[in-house]
Amino acid sequence: MKFLYSGLVAISAVTLFSCSEQKTDNSPNTQPDNSGKVLPFPASPMASVTEPRLQDSKMQWPEEPKRLPEDAPNVLIVLLDDVGFGISETFGGEVHTPTFTKIVNEGIVYNTFHTTSICSPTRAALLTGRNHTRVSSGTIAERAVAFDGYTGIIPKTAATIPEILKEYGYHTSAFGKWHNTPATETTSIGPKNHWPNGYGFEYFYGFLGGETSQWEPRLTENYDHIEPPEEEGYHLTEDLVKKALGWIDDRQAFSPDKPFLMYWAPGGVHGPHHVATEWADKYKGKFDDGWDEYRKRVYKRQLEMGIIPEGTALTPRDSTLQGWDDIPEDQIAFQRRLMEVFAGFVEHTDAQVGKLVSGLEERGLRENTIIIYIFGDNGSSAEGQQGSISELLAQNNIPNTVEQQIAALDDLGGIEVLGSPHTDNMYHAGWAWAGGTPFKGTKLMGSYFGGTRNPMAISWPKKIKPDGAIREQFHHVIDIAPTLYDLLNIPHPEVVHGYDQMPMDGVSLAYTFDQADAPTAKEAQFFDNNASRAIYKDGYMASTFGPFIPWNTPASVARVKSWDSDNDVWELYNLKEDFSQAHNLAKDNPELLEQLKAEFMTMAKDNKDFPIGAGLWLRNHPADIRKTPYKEWNFKQSTDRMPEFTAPGIGRQSNKVTIDLTVGNQASGVLYAVGGAGGGVTLYMDKGQLVYEYNMLIIEKYITKSDKAIPAGEHVLTITTQVKGPGQPGTVEILLDGKPYEKVALNRTVPLAFTATETFDVGKDLGSPVSVDYFDRKPFEFTGEIKSVHIELL
């Protein structure tokens with residue numbers, strides 16, 4: 001097997017001995033004739049050659065080929081999640097981030113570095129060096145659709161950094177969030193070729209989906225789903241540091257002469273915002289005057305620090321985004337606490353990065369390790385809308401009010417519960433907007449830097465000398481891969497594992513290491529996210545908002561339905577003079593705007609971005625969600641960890657569940673459950689009484705509980721759910737041994753999904769429990785026997 005690279009052939013196996021196709025014969029020097037007589041062979045010219053003897057031979061293994069520069073560096077890529085330009089104190093924000101400051105002070109920092117403004121696409125672009133739609137990652141894995149640039153499958157024609165570095169001699173590992181596997185391929189049975197190990201990582205520890213509970217994460221180790229350690233005060237981000245340092249210790253013990261690549265991408269600080277109370281309490285009172293005032297303070301500080309150029313304008317709040325002064329008095333405490341929890345989560349995450357960096361120092365590895373610290377895979381997230389205790393409300397386009405949120409929170413224990421396992425809380429979109437100071441966008445916007453511009457620092461003590469200068473060259477996450485190849489003198493691969501490789505979109509930014517004021521090497525960059533799109537070229541930016549409003553997804557539904565991309569209004573900005581996109585020059589220079597719009601279309605076509613707006617498809621066509629082809633399933637009591645996106649849609653589709661079971665007196669435990677505390681469906685028994693609960697993303701719960709206990713013995717339960725359509729009302733009717741037993745009305749249902757990574761389980765409720773009723777008894781295993789669970793869609 002060969003791995004062919006430009007100018008280099010790497011051969012996986014070496015021939016130790018070269019032999020001709022000459023047959024040997026151990027018989028005497030004779031041959032039979034046709035009569036059966038034995039005649040002597042003619043004399044052989046080889047007869048005088050002495051046969052090699054083992055005792056006279058010498059064996060020598062071939063030297064391992066050297067494909068890397070001497071003393072090649074280790075590489076640590078740190079990628080935070082959903083955190084904007086104006087959050088970290090390092091960039092003028094008000095959240096304590098000493099580790100990010102340390103990396104900046106020990107290396108170099110960039111204030112014009114960009115992402116795709118959304119999770120999966122940024123990760124695919126980072127790992128491959130190609131634009132997100134070119135590698136079929138135009139939207140998040142859970143929203144993949146059947147358009148070329150949006151399937152959610154990174155092609156093998158775009159080999160990843162670990163795939164290439166591994167063949168050159170690196171050991172590779174990934175920790176934390178993956179989010180680049182199709183949601184229908186995350187079951188324990190696979191297929192697993194699109195899991196992290198299938199893309200070059202020798203070791204993976206983390207979660208495959210877009211988010212998970214920090215307290216009860218749905219973990220995967222390499223090719224196996226595992227449960228988190230049962231530790232008091234367990235937190236996923238802390239666990240990721242322990243596992244990462246443990247992997248480094250193994251590398252030190254078993255292969256100390258090989259450099260390593262580590263991709264450390266925690267769930268922090270994506271929702272749900274989960275962190276211990278003591279971290280959130282550090283920020284009590286810090287944000288009492290709201291997001292409008294926060295922006296003013298941060299903007300002033302950014303100017304003073306030189307993070308933003310002199311003359312940069314502070315962009316105004318969008319008219320559709322709520323101002324702090326508009327918050328009712330009885331909601332202010334709720335909105336403040338949500339931001340305090342988020343800030344604590346950010347500081348806690350940065351502190352874990354600090355432990356990782358300290359671990360490298362303690363092991364003597366820091367000097368020759370390149371650390372690339374990207375402070376966010378996109379801008380701060382507005383998906384919390386007006387403040388939420390269940391963030392999937394926005395993903396499902398479910399209208400709700402803050403009053404509903406607070407009432408549901410009060411039932412769980414009040415404001416102090418925020419950040420705990422009982423909620424999937426996300427802060428108000430106003431805080432996300434403030435987190436993008438001085439820009440005007442948020443996550444999910446490709447048009448404005450609030451969605452696409454993230455702080456980034458690089459430290460390499462052995463080769464990069466800090467000079468205190470901010471790098472202002474326009475660069476993008478696709479530039480990381482070619483930078484590493486440039487530093488390691490690795491030519492662009494032509495063929496990898498038999499696949500012809502597509503060209504690289506990114507350009508190396510290594511030239512900026514010792515030339516702080518060098519002209520930008522990147523000529524153009526293409527952006528598109530949910531039809532919010534832009535093109536950068538030669539210092540100018542043309543952009544258009546698109547039909548989707550990140551901070552108001554219910555209101556976006558009608559806009560998307562009536563949207564025609566030909567009618568979008570484009571804006572024009574001169575970034576050489578307008579750092580924050582504050583001054584629209586569309587009317588002043590319409591010719592240039594039209595030219596850039598035309599060039600955007602050329603790049604969009606080249607990058608498989610058509611049809612424009614493909615990432616919005618499921619907003620109006622939820623039934624087209626990527627799902628398994630099955631309509632009928634048979635499960636055993638041992639079935640568990642079936643990801644929601646592959647499981648029967650018992651909470652969103654009409655279905656019939658038949659359970660054959662045996663119960664004892666006062667049997668207890670979960671019969672089946674899908675989802676978690678943020679939303680889901682569960683059927684369980686409690687001291688013999690049957691309970692059905694539909695947790696409609698916390699804000700509403702539809703529950704029925706039998707008056708009498710089910711008697712001991714063998715029984716058949718039939719649960720028939722009728723749902724009128726995606727997100728529509730429904731009914732649930734339960735039969736016991738063929739006779740009517742319980743009924744419950746569903747006022748509305750979840751159209752897409754309850755969660756990103758929670759699962760369907762039989763006989764237990766693993767991970768985050770759907771019902772708070774058995775939270776303290778999780779996983780609340782059933783004490784009886786479940787012989788079979790048959791589910792069919794109706």
Before accepting this row, confirm whether a basic side-chain N of the pair [X]/[Y] lies closer than 4.0 Å to the acidic partner's carboxylate O.
X: K102; Y: E361; value: yes
X: D606; Y: R134; value: yes
X: R67; Y: E167; value: no
X: K156; Y: E163; value: yes
X: E644; Y: R218; value: no

Qualifying residue, where the test is side chain to side chain contact (heavy atoms under 4.5 Å, CB included) with W195 and the options are N222, N180, T181 = T181
Taking the inter-plane angle between the rings of [X] and [Y] on a 0 to 90° scale, is it parallel (under 30°), tilted (30 to 60°) or perpendicular (over 60°)?
X: F147; Y: W617; value: perpendicular
X: F527; Y: F474; value: perpendicular
X: Y205; Y: Y203; value: parallel

ask   = When rounded to the nearest 0.5 angstrom, what distance separates CD in Q352 from CG in D239?
value = 10.5 Å
ask   = Is the centre of the F526 ring less than 6.0 Å from the centre of the H476 ring?
value = no
note = Closest non-hydrogen atoms of W247 and L261, given as atom of the first, atom of the second and distance, are CH2-O, 4.3 Å
key: Full working for ring pair (Phe, Tyr, Trp, His ring centres under 6.0 Å) between Y373 and F375   = CA-CA 6 Å; Y373 195 161; F375 212 79; 5.7 Å; yes
